[in-house]
Amino acid sequence: MVVPGFVFGLVLPLILAAGTNADVGFRFASYINNYMVLQKEPAGAVIWGYGISGATVTVTLYQQQEAIMKKVTSVKARSHSWMVVLDPMKPGGPYKVMAQQTFRRKNITLRVHDVLFGDVWLCSGQSNMQMTVSQVFNATKELANTAAYQSVRIFSVSLIQAEQELEDLAQVDLQWAKPTSENLGHGIFTYMSAVCWLFGRYLYDTLQYPIGLISSSWAGTPIEAWSSGRSLRACGVLTRGLIQSDFVTGPSKYSVLWNAMIHPLHNMTLKGVIWYQGESNVNFNRDLYNCTFPALIEDWRQTFHRGSQGQTERFFPFGFVQLSSYLSATSDDTFPQIRWHQTADFGYVPNARMPSTFMAVAMDLCDRKSPFGSIHPRDKQTVAYRLHLGARAVAYGEKLIFQGPLPENMELLADKGLLNLTYSLEIQVQRQHNIFEISCCSDHQCKWLPAPLDTVSAQSLALNVRSCRGTLAALRYAWATWPCEYKQCPLYHPGSALPAPPFMAFLTDLRPGAHRRLAE
Ligand SMILES: *[C@@H]1O[C@H](CO)[C@@H](O)[C@H](O)[C@H]1NC(C)=O
Ligand SMILES: *[C@@H]1O[C@H](CO)[C@@H](O)[C@H](O)[C@H]1NC(C)=O
Ligand SMILES: *[C@@H]1O[C@H](CO)[C@@H](O)[C@H](O)[C@H]1NC(C)=O
Ligand SMILES: *[C@@H]1O[C@H](CO)[C@@H](O)[C@H](O)[C@H]1NC(C)=O
Ligand SMILES: *[C@@H]1O[C@H](CO)[C@@H](O)[C@H](O)[C@H]1NC(C)=O
């Protein structure tokens, strides 16, 4: 939204004038509003706002006309803020929340209505998260499909940068709302985030209770803009100057989006976060992404846990989309490297450095003809579907397959010139000449050679490695910007249709007959 300068000139003095009138100072935080979803049990939802310091604030929860819960607090002197933690609530609604400030025998009352209890998910990242429902495949159908999802509520944060951590959002693009075709399909790269919406919709299909979705994303932004100074320092990132790269078209200052678009939400109780970002780091601090991403997750977890008085889980579930593919002018391995670093170089999640995380592999969801550029594939339904499988397993404890096959064991059959990979899952294989590659070394020189498929069984495949006359140093799978055509990668799990994630494994200790484990 473009706001002409004169509007600022007009509105700003009014806001300042209002600030001097103590009566107007009593308010809820920007995101406590009609139609909101508050986090359900076992956590307690946080309600907070501002008021006159020293005043008493009473927060009452109403079901129909009956007061069912009352919490009393007072406004803190320096911050002018107040906060209460509600008792854990079962999912459902609607409820009303009333907050009353009493100061010098004068009362002010605020009310919000149609409040539901359910799970609140925060969705963040860059353009592939910001892409709206009107930009995806079958947009008309998806936009019309809202009647059954009136308990999935949506909220979208405005694009704002700040040099300091803000306590509340400076501006909101879409205040809490029930989904309609208008607010879901507002425009291009604005709101509502398609991945966020579709993820919430899939979750609702399974959980059958309210879901709150908060979208806070900005196109063309590197991870450094979403990271606090603390987490950048932990990875040795120098935070002076601007972030410069062809792939950075959004804000290019360190921490500015953390400060303005994430930190203001840290006092609310959340269920978890989903994230779709990484394209803007292919040419900026790429080699650090295996640190900056786990550090961001850890820092967000600490901050939200503390900000919500321990109500948001310390290790809340964090899901992300592994980069899809795009038609690159150059053939380099920057995309595969970011994909790998997104897993902290493990190839799978959760892992030791990324506990309680889940990932949607998307490298097979390419879109040559996307009107928004091939870097913005339009199949966000499959992305959200795969992500919600991960959430069901990691966040909701369901026993289901949420990640495609990774080799569990590798054995070199030297006499046959084969490398035998065994999987813990069933595999479905389509032949593709150069999807597996081996690094073959002789005279201190290594090069990547294709390792064609030899024999295939239900849970193993053997690669022909006879082209290597030296030492077999490493094996990699799908190590390309565009590894396959749409849903045509060589390896899937047949039941779930989940693709095998890309991986790289060092084989230096692999002597004939020796085994090496990749997955845990
Ligand atoms: C203010 O609210 C308190 C508590 O609800 C109530 O006891 C009191 O009578 C109210 N005062 C006025 C002036 O309305
Ligand atoms: C991250 O990746 C870089 C290069 O890609 C590597 O040198 C480094 O050891 C990795 N760091 C961690 C913490 O895994
Ligand atoms: C939000 O949480 C932080 C960290 O615990 C705390 O310092 C701040 O006062 C909280 N805000 C409100 C309004 O209570
Ligand atoms: C679009 O709708 C068609 C027809 O229902 C369906 O076959 C296709 O899978 C849908 N595409 C996506 C990406 O959901
Ligand atoms: C690879 O290992 C599996 C599991 O041990 C075995 O069933 C299969 O026959 C082996 N493949 C070859 C070509 O030896």
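Order of appearance sets the numbers: ligands from 1, and atoms from 1 within every ligand.
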Could you give all pairs that pass the disulfide bond (SG atoms under 2.5 Å apart) test and reach residues 383-416, with sequence neighbours left out? none

Does E437 use its side chain to pair, donor to acceptor, with the backbone of P450 at less than 3.5 Å? no

Output the list of atoms in ligand 5 that are nearer than 4.0 Å to some heavy atom of T455, sorted by atom number. 13 (C)

Give a table of atom pairs where an N or O of ligand 4 lies under 3.5 Å from a protein N or O.
from	atom 1	to	atom 2	distance (Å)
ligand 4	2 (O)	N138	OD1	3.3
ligand 4	2 (O)	N138	ND2	2.3
ligand 4	2 (O)	K141	NZ	3.4
ligand 4	5 (O)	K141	NZ	3.3
ligand 4	11 (N)	N138	ND2	2.9

Ignoring angles and geometry beyond distance, decide whether N290 reaches within less than 3.5 Å of ligand 2 through its nitrogen or oxygen atoms. yes

Report the distance from atom CD of E279 to atom OG1 of T249, rounding to the nearest 0.5 Å. 10.5 Å

Pick one of side chain, backbone, both or neither for how L413 approaches ligand 5, counting any non-hydrogen atom pair under 4.0 Å. side chain

Need the ligand 2 atom indices (1-based, order shown) with element for anything under 4.0 Å from a heavy-atom of D287. 1 (C), 2 (O), 3 (C), 5 (O)

Would you confirm whether the ring centroid of Y202 sits within less than 6.0 angstrom of the ring centroid of H388? yes

Look at the SG atom of C291 and the SG atom of C235, then say if they are under 2.5 Å from each other. yes

Quick note on ligand 5: atoms under 4.0 Å from a heavy atom of T422 include exactly 2 (O), 3 (C), 4 (C)

Between Q337 and ligand 2, which part of the residue brings a heavy atom under 4.0 Å of the ligand: side chain, backbone, both or neither? neither

Do C366 and C484 have their SG atoms under 2.5 angstrom apart? no

Mind running side chain to side chain contact (heavy atoms under 4.5 Å, CB included) on F293 and W275 for me, showing each step along the way? CA-CA 10 Å; F293 186 38; W275 172 260; 3.2 Å; yes

Do F199 and W121 have ring centres separated by under 6.0 Å? yes

Test side chain to side chain contact (heavy atoms under 4.5 Å, CB included) applied to L461 and L453, step by step: CA-CA 7 Å; L461 58 83; L453 276 172; 3.8 Å; yes

Contact with ligand 2 for R286, non-hydrogen, under 4.0 angstrom: no

Applying a heavy-atom cut-off of 4.0 Å, say which part of D345 lies close to ligand 2: side chain, backbone, both or neither. side chain

Do the two ring centres, one from F335 and one from Y326, sit under 6.0 Å apart? yes

